[in-house]
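Since this is a predicted model, take the numbers as computed values, not measurements. Values below: all heavy atoms of this structure, side chains included; hydrogens, waters and symmetry mates excluded. Order of the sequence lines fixes the chain letters, A, B, ..., with proteins taken first and strands second; residue numbering starts at 1 for each chain.
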Amino acid sequence: MFLINCPYCGERDQSEFSSGGEAHIVRPKQPKELSDDQWAEFLFMRKNIKGVQFERWNHAHGCRKWFNMARDTSNDKIHAVYKMGEKPPIK
Amino acid sequence: MKNKYSIFSLIKNAFSYHENWQRAWRDPEPKKEYDAIIVGGGGHGLATAFYLAKKHNMTNIAVVEKGWIGGGNTGRNTTIIRSNYLWDASAGLYDHALKIWEKLSQELNYNVMFSQRGVMNLAHNLQDVRDLKRRTHANRLNGIDAVWLNTEEVKKFCPIINTSQDIRYPVLGGTLQRRAGTARHDAVAWGYARGADAMGVDIIQNCEVKGIKRNGNSVEGIETTKGFIKTKKIGVVAAGHSSVIANMVDLKLPLESKPLQALVSEPVKPIIDTVVMSNAVHAYVSQSDKGELVIGAGTDPYVSYTQRGSHDVVEGTLKAILELYPIFSRMKMLRQWGGIVDICPDASPIISKTNIKGLYFNCGWGTGGFKATPGSGDLFAHTIANDEPHKLNADFNINRFVSGDLVDEHGAAAVAH
Ligand SMILES: Cc1cc2nc3c(=O)[nH]c(=O)nc-3n(C[C@H](O)[C@H](O)[C@H](O)COP(=O)(O)OP(=O)(O)OC[C@H]3O[C@@H](n4cnc5c(N)ncnc54)[C@H](O)[C@@H]3O)c2cc1C
Ligand SMILES: [Zn+2]
């Protein structure tokens, strides 16, 4: 449990949010041309990083907006919060 | 076995005030090379090593563990053992394990305190009732004992449950597997470690794997905090840290690692002589031999390697426990802890070869792998020794995420633990 600084509402308890998992996994533009391997990669395979990971979060019990976050999964420290469509502000 | 444990050894050692018991396994330095290396000294890894030595004659092998054996999820779980899974593949896998549990203390000459006190799963809504009844039928078709209990029968089997129909999630019935139960988690790790060690397996603790060396598409060895160790076969059984090791060879797994927590109360006199689980409200309770209530909560809903667990999750679980067991309202909780569980999208494990030669993964057990420890070790040993899966774990290969042949136990009820 930790605090999240929603880009729209400010700092709130993590329990108000729901995690959407790894960010920047783009939905394939030509789904018909995808092989089974590529589908598996898109649907299921995750880096599941121990360390700084880019994630999508939704302020489910607040403004209900989606945004991105860079969070260190080894200590739950949040390094950056940025909007959907933006590139990660840190490496 | 060097020092066989028996009533005679107990008496003999009593005369010397129990000061002369020998250590149960050695503490060796790693050799330069092994025929196979198991990464992760939890129950599954140690069982794998034990069966590699016992059934496949592979004794020049090692288990490397970054901390102490059994210090991962093996020593952190609520020890519920059952085999009443819905699908045929899961039924085969978990009942294989349950059958080994039934004789494990004898096989290991180590008391794992396996107790078939029964596991009851409660239904709290109409969908639960349908799902659990369906599962009972499926279990019976697979030769797994299962009965459906109505509300009165639930009350009779476990009188402290509040079966009032006026509560938020009333008890509408439940299933019971009488062969199910619990075991002593540490003893499982220690028993397998002692057994494997006696056959020559090196158990190397405080040795973290930092990298995997490859030559082309084959493995050559592991880089560890105790130096490089050569081997042609690596079996990774690292639970919540499986992806960390897979990322060392740019392999992606369909896993997310999340904290899962449990807590125990102060010890009290025997009050609950079975295990009661309730998926709908996410609360599980049993009583340890020391008298503590052992309570399992849910996972934190995000990826994290912080071995803690969130407070709101515990709060939700305890609210449900108090509604179902009002008698516990004055109990004090003694300890709370978390483990990192590796969750697969279909809530089933992976016991599989990979497309790298000599690299095998046993992972994805998530919130419920303790029950499978002996079976998982047996089947993973078979897979490593023969470079082919056993028929009982063939369906649990990594390629099911490509082919779509998932073993979907998520929707199949009673999946947690
Ligand atoms: C709170 C909680 C309750 C649970 N309740 C139940 C239950 O009631 N019933 C049930 O069936 N299951 C339950 N589970 C799940 C169960 O605990 C696990 O599925 C099972 O114990 C996994 O065993 P393992 O040997 O694979 O993992 P672990 O015991 O976690 O062993 C993995 C080992 O790998 C080591 N390792 C990791 N990375 C490295 C590295 N780089 N180098 C060397 N070693 C490494 C770790 O230190 C660890 O010791 C629960 C889990 C938790 C956390
Ligand atoms: Zn918001």
Mind running side chain to side chain contact (heavy atoms under 4.5 Å, CB included) on A:Gln14 and B:Asp300 for me, showing each step along the way?
CA-CA 11 Å; A:Gln14 167 268 314; B:Asp300 284 1; over 6 Å; no
Output, in order, the C-alpha distance, side-chain angles, deciding distance and verdict of side chain to side chain contact (heavy atoms under 4.5 Å, CB included) for B:Leu406 and A:Phe44.
CA-CA 11 Å; B:Leu406 304 184; A:Phe44 298 126; 3.9 Å; yes
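Within a 6.0 Å sphere centred on NZ of A:Lys77, heavy atoms belonging to other residues, nucleotides or ligands number 12 at most. Other residues, nucleotides and ligands contribute only 12 or fewer heavy atoms inside 6.0 Å of the NZ atom of A:Lys47.
Of the inter-residue distances, the one linking A:Asp72 atom CG with B:Tyr305 atom OH reads 11.5 Å to the nearest 0.5 angstrom. Interatomic distance, NZ of B:Lys258 versus OG1 of A:Thr73, reported as 12.5 Å (0.5 Å rounding).
B:Val402 approaches A:Ala40 most closely through the heavy-atom pair CG2-CB, 3.7 Å. Contact between A:Met45 and B:Phe401 at its shortest, heavy atoms only, is CE-CB, 4.0 Å. The minimum heavy-atom distance between A:Met1 and B:His311, with the atom names listed, is SD-N, 4.1 Å. Of all non-hydrogen atoms in B:Pro301 and A:Ser19, the two that sit nearest each other are O-CB, 3.4 Å.
Counting heavy-atom pairs closer than 4.5 Å to chain A, the top residue among B:Ser310, B:Pro345, B:Gly309, B:Gly240 is B:Ser310.
With a 4.5 Å cut-off on non-hydrogen atoms, A:Glu41 touches chain B through its side chain but not through its backbone. Heavy atoms closer than 4.5 Å to chain A are found in both the backbone and the side chain of B:Val303. Residue contact with chain B, scored on non-hydrogen atoms closer than 4.5 Å, is absent for A:Phe17. Proximity to chain A is absent for every atom of B:Ile343, based on heavy atoms less than 4.5 angstrom apart. Contacts between B:Asn247 and chain A at a heavy-atom distance below 4.5 Å involve the side chain alone, from C-beta outward. Using a 4.5 Å cut-off between heavy atoms, B:Leu255 touches chain A through backbone and side chain atoms alike.
By the 4.5 Å heavy-atom criterion applied to side chains, A:Glu55 and B:Tyr302 are not counted as neighbours.
Side-chain N or O atoms of A:Arg46 include none that pairs as donor or acceptor with a backbone N or O of B:Ser243 at under 3.5 Å.
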